[in-house]
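What you see is a predicted model; the values in this text were computed from it and never measured.
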Amino acid sequence: MEAKKENGGIIPGPTNPMVTPLLTDLYQFTMAYAYWKAGKHQERAVFDLYFRKNPFGGEYTVFAGLEEVIRFIANFRFTEEEIAFIRESLTDSCEDGFFDYLRGIDCSDVEVYAIPEGTVVFPKIPLLRIEGPIAIVQLLETPFVNLINYASLVSTNAARHRNVAGKSKTLLEFGLRRAQGPDGGIGASKYCYIGGFDATSNVAAGKLFGIPLRGTHSHAFVSSYMSLDEIIDKSLRRKDGSITCEDFISLVQTWLSKIQWSNSLRDIFGETNQSELAAFISYALAFPNNFLALVDTYDVMRSGVPNFCAVALALNDLGYKAGGIRLDSGDLAYLSCEARKFFCAIEKEFGVPEFGKMAITASNDLNEETIDALNKHGHEIDAFGIGTYLVTCYAQAALGVVFKLVEINNQPRIKLSEDVSKVSIPCKKRCYRLYGKEGYPLVDIMTGENEPSPKVGERILCRHPFQESKRAYVVPQRVEELLRCYWSGISDKARENLPPLKAIREGCIKQLELMRPDHMRRLNPTPYKVSVSAKLYDFIHFLWLNEAPVGELQ
């Protein structure tokens, strides 16, 4: 099968070339062979992909990874080399006909219905509904779960960091060096961007996805300089090109002297570290339009900030505007406040407009908790560079996505468990989000496929899937159907196009803003209600009783 076209072009393969039909668990192939051997492999099955609990102790999740799923199934074919390896990996008793079957399969007879990527989602609601021949859909289980699990987890982590930082702060993803391998680094950059981060340090992700790039220099750059004598070319052309300053170093030194002897700053510092000053000057000569300095290599307030200001003021004389400073150690709240005072004093004393608003970026193992603490303490930080805790999802290792059979040959199926949270919700379902008068989502409801849709202004009974006493009537002011067709195989059903990454990010941010604040708060958030219709509730419990064995007391 030729891959389906997206907006006039072929849908490209997965971003990671390791995502092939072999990226699955062995038991998917053993089951596929058993289905084939029994003549069941073409039976029409319906599976739901969902999760059971929101991550990070919160009450919401951001759905991500859908684009990679569609890229995968659009290009799903076994190569001869892959089939040969499968043959080696299974027992000798497997018949040749099975490998001929694998040779001919693709996803042309599969349909995928999904919630749009970037949507705020909740437990039990299917993120994807997959319909197709049971053997093929079973082969899709592991890669689908793999592609959705981390993507949704790290997008949610990013959204939580955005929520605690606030809308006005710039969030930078700096996690590549601490990520779980190259794929973890690339995926983190993409999905943190969806979750609300503004930029990444990851150059490969910038190229692949068009994510804005940010980054300046490290402590090594600063400490690599020994003295001002190392700077050979001291000239810098004015921004408008009118003149050239032949000795930029002298201009900086003049400003440093002015700062040292100014009325408001003379008692803060004495002699600054001259090798640090050399590094700052060198970097400014290389990037006069984007000079942002790491100021904590030696001493933030006695050297780093004064040296930065001297260079920034010299750049200002030549028509350039410095980008700001980065703090990577120490008491970030205190140092940011002191740096802000320093900048404001310079603006006042030397009459340099906007200098007091110089951007302050903070890094150094930041996470949701430390940003919350900084907010409570009070700080002057404009941007946060976040790495390890963000991309590794340090607070929770996995989302716990599952893939369950809910129907085969039009017969609903249920998975039972002594743990009620692990009981699956049977049959092919439709899912809706019901909104209240204030515009907030009130409840998500699942119905049987053939039930009438909830209607605006009409009262509907929403029931907890498993707890009889939990039920409520809702009169929705808006009804949104959640599952949409993203892969229609060879059927002629209309399907959604995959939006660009920036549109997914914008949609995610709007979704998060739409949620009621008590669902989003860090401490003791209110659980969002997920329900089933009265008819589906009755059917779940009928099937449950039908399938559960009856015990016998001796």
Side-chain angles (χ1 to χ4, degrees), residues 1-7 10-14 19 21 24 28 31-32 35-36 40-50 63-78 101-102 104-117 119 121 124-148 401-413 424-432 446-451 453 480-499 536:
M1 180 194 74
E2 184 183 25
K4 278 215 172 184
K5 294 188 175 182
E6 176 81 4
N7 294 325
I10 299 296
I11 298 176
V19 180
T24 193
Q28 308 293 9
M31 285 189 289
Y35 287 136
W36 179 86
K40 281 178 63 73
H41 58 293
Q42 295 289 11
E43 291 183 7
R44 195 79 181 170
V46 180
F47 285 80
D48 284 347
L49 183 150
Y50 60 97
F63 171 48
L66 175 61
E67 180 187 353
E68 293 298 324
V69 163
I70 301 304
R71 284 177 168 223
F72 174 63
I73 60 173
N75 297 274
F76 185 93
R77 289 298 294 259
F78 287 99
Y101 161 70
L102 290 182
I105 63 173
D106 55 29
C107 288
S108 59
D109 202 21
V110 174
E111 296 175 22
V112 175
Y113 298 81
I115 295 175
E117 190 161 8
T119 300
V121 291
K124 304 186 193 76
I125 295 288
L127 308 178
L128 276 74
R129 185 179 80 221
I130 305 96
E131 305 174 22
I134 187 165
I136 296 176
V137 177
Q138 202 84 70
L139 290 171
L140 300 175
E141 174 182 358
T142 302
F144 275 27
V145 170
N146 179 274
L147 291 167
I148 297 297
V401 170
V402 295
F403 192 93
K404 296 299 178 186
L405 177 70
V406 296
E407 186 175 290
I408 187 161
N409 295 331
N410 297 314
Q411 297 299 309
R413 306 307 296 147
S424 64
I425 298 177
C427 78
K428 191 190 295 190
K429 298 173 286 292
R430 297 176 74 177
C431 306
Y432 304 90
M446 291 173 271
T447 72
E449 184 193 22
N450 298 317
E451 287 188 59
S453 304
E480 177 187 10
E481 184 157 11
L482 294 175
L483 291 171
R484 305 173 190 178
C485 182
Y486 279 90
W487 180 258
S488 54
I490 55 174
S491 74
D492 57 0
K493 292 179 182 176
R495 56 186 286 269
E496 302 283 327
N497 285 327
L498 295 170
L536 182 55

With sequence neighbours left out, what residues match Tyr113 under ring-ring contact (aromatic ring centres under 6.0 Å, His included)? none
Met446 versus Pro126: any side-chain heavy-atom pair under 4.5 Å? yes
Is it the case that the side chain of Glu451 and the backbone of Gly448 share a donor-acceptor pair, with hydrogens and angles ignored and the cut-off at 3.5 Å? yes
Can you give me the closest heavy-atom contact between Leu140 and Cys107, atom names plus distance? CD2-SG, 4.0 Å
Side-chain heavy atoms of Pro426 within contact of Arg413, under 4.5 Å: no
Contact summary for Ile125 and Tyr50, nearest pair of heavy atoms: O-CB, 3.5 Å
Between Asn75 and Ile11 (side chain of the first, backbone of the second, donor and acceptor by atom type, cut-off under 3.5 Å), is there such a pair? yes
Nearest non-hydrogen partners of Phe72 and Pro14, listed with the distance: CA-CG, 3.8 Å
Residue pair Leu127 / Phe144, side-chain heavy-atom distance below 4.5 Å: no
Are side-chain heavy atoms of Lys429 and Arg129 found at a separation under 4.5 Å? no
Sidechain-backbone polar pair: Arg484 side chain, Pro116 backbone, donor-acceptor under 3.5 Å: no
Where Ala114 and Leu128 come nearest, the two heavy atoms and their spacing: CB-CG, 4.1 Å
So how far is it from Tyr486 OH to Leu498 CG, rounded to the nearest 0.5 Å? 7.5 Å
For the pair Ile70 and Glu117, evaluate side chain to side chain contact (heavy atoms under 4.5 Å, CB included) and give the outcome as yes or no after the intermediate values. CA-CA 11 Å; Ile70 301 304; Glu117 190 161 8; over 6 Å; no
Closest heavy-atom contact between Val145 and Val401? CG1-O, 3.8 Å
Starting from the C-alpha separation in whole Å, work towards a yes-or-no answer on side chain to side chain contact (heavy atoms under 4.5 Å, CB included) for Arg430 and Ser453. CA-CA 9 Å; Arg430 297 176 74 177; Ser453 304; 3.9 Å; yes
Exercise answer: donor-acceptor pairs, residues 402-412 side-chain atoms, under 3.5 Å, sequence neighbours excluded:
residue: Glu407; atom: OE1; partner: Lys428; partner atom: N; Å: 3.2
residue: Asn409; atom: OD1; partner: Arg44; partner atom: N; Å: 3.4
residue: Asn409; atom: ND2; partner: Glu43; partner atom: OE1; Å: 3.1

Which distance, rounded to the nearest 0.5 Å, do you find between the SG of Cys431 and the CG of Asp48? 7.5 Å
Ignoring hydrogens and angles, write down the donor-acceptor pairs under 3.5 Å from the side chains of residues 132-139, residues two or more places apart or on other chains.
residue: Gln138; atom: OE1; partner: Tyr35; partner atom: OH; Å: 2.9
residue: Gln138; atom: NE2; partner: Glu141; partner atom: OE1; Å: 3.2

Hey, are the side chains of Ile130 and Ile73 touching, using non-hydrogen atoms and a 4.5 Å cut-off? no
Gap separating the CG atom of Leu66 from the CG atom of Leu147, nearest 0.5 angstrom: 10.5 Å
4.5 Å side-chain heavy-atom contact, Cys427 and Leu536: yes
Gap separating the NE2 atom of His41 from the CD1 atom of Ile105, nearest 0.5 angstrom: 9.5 Å
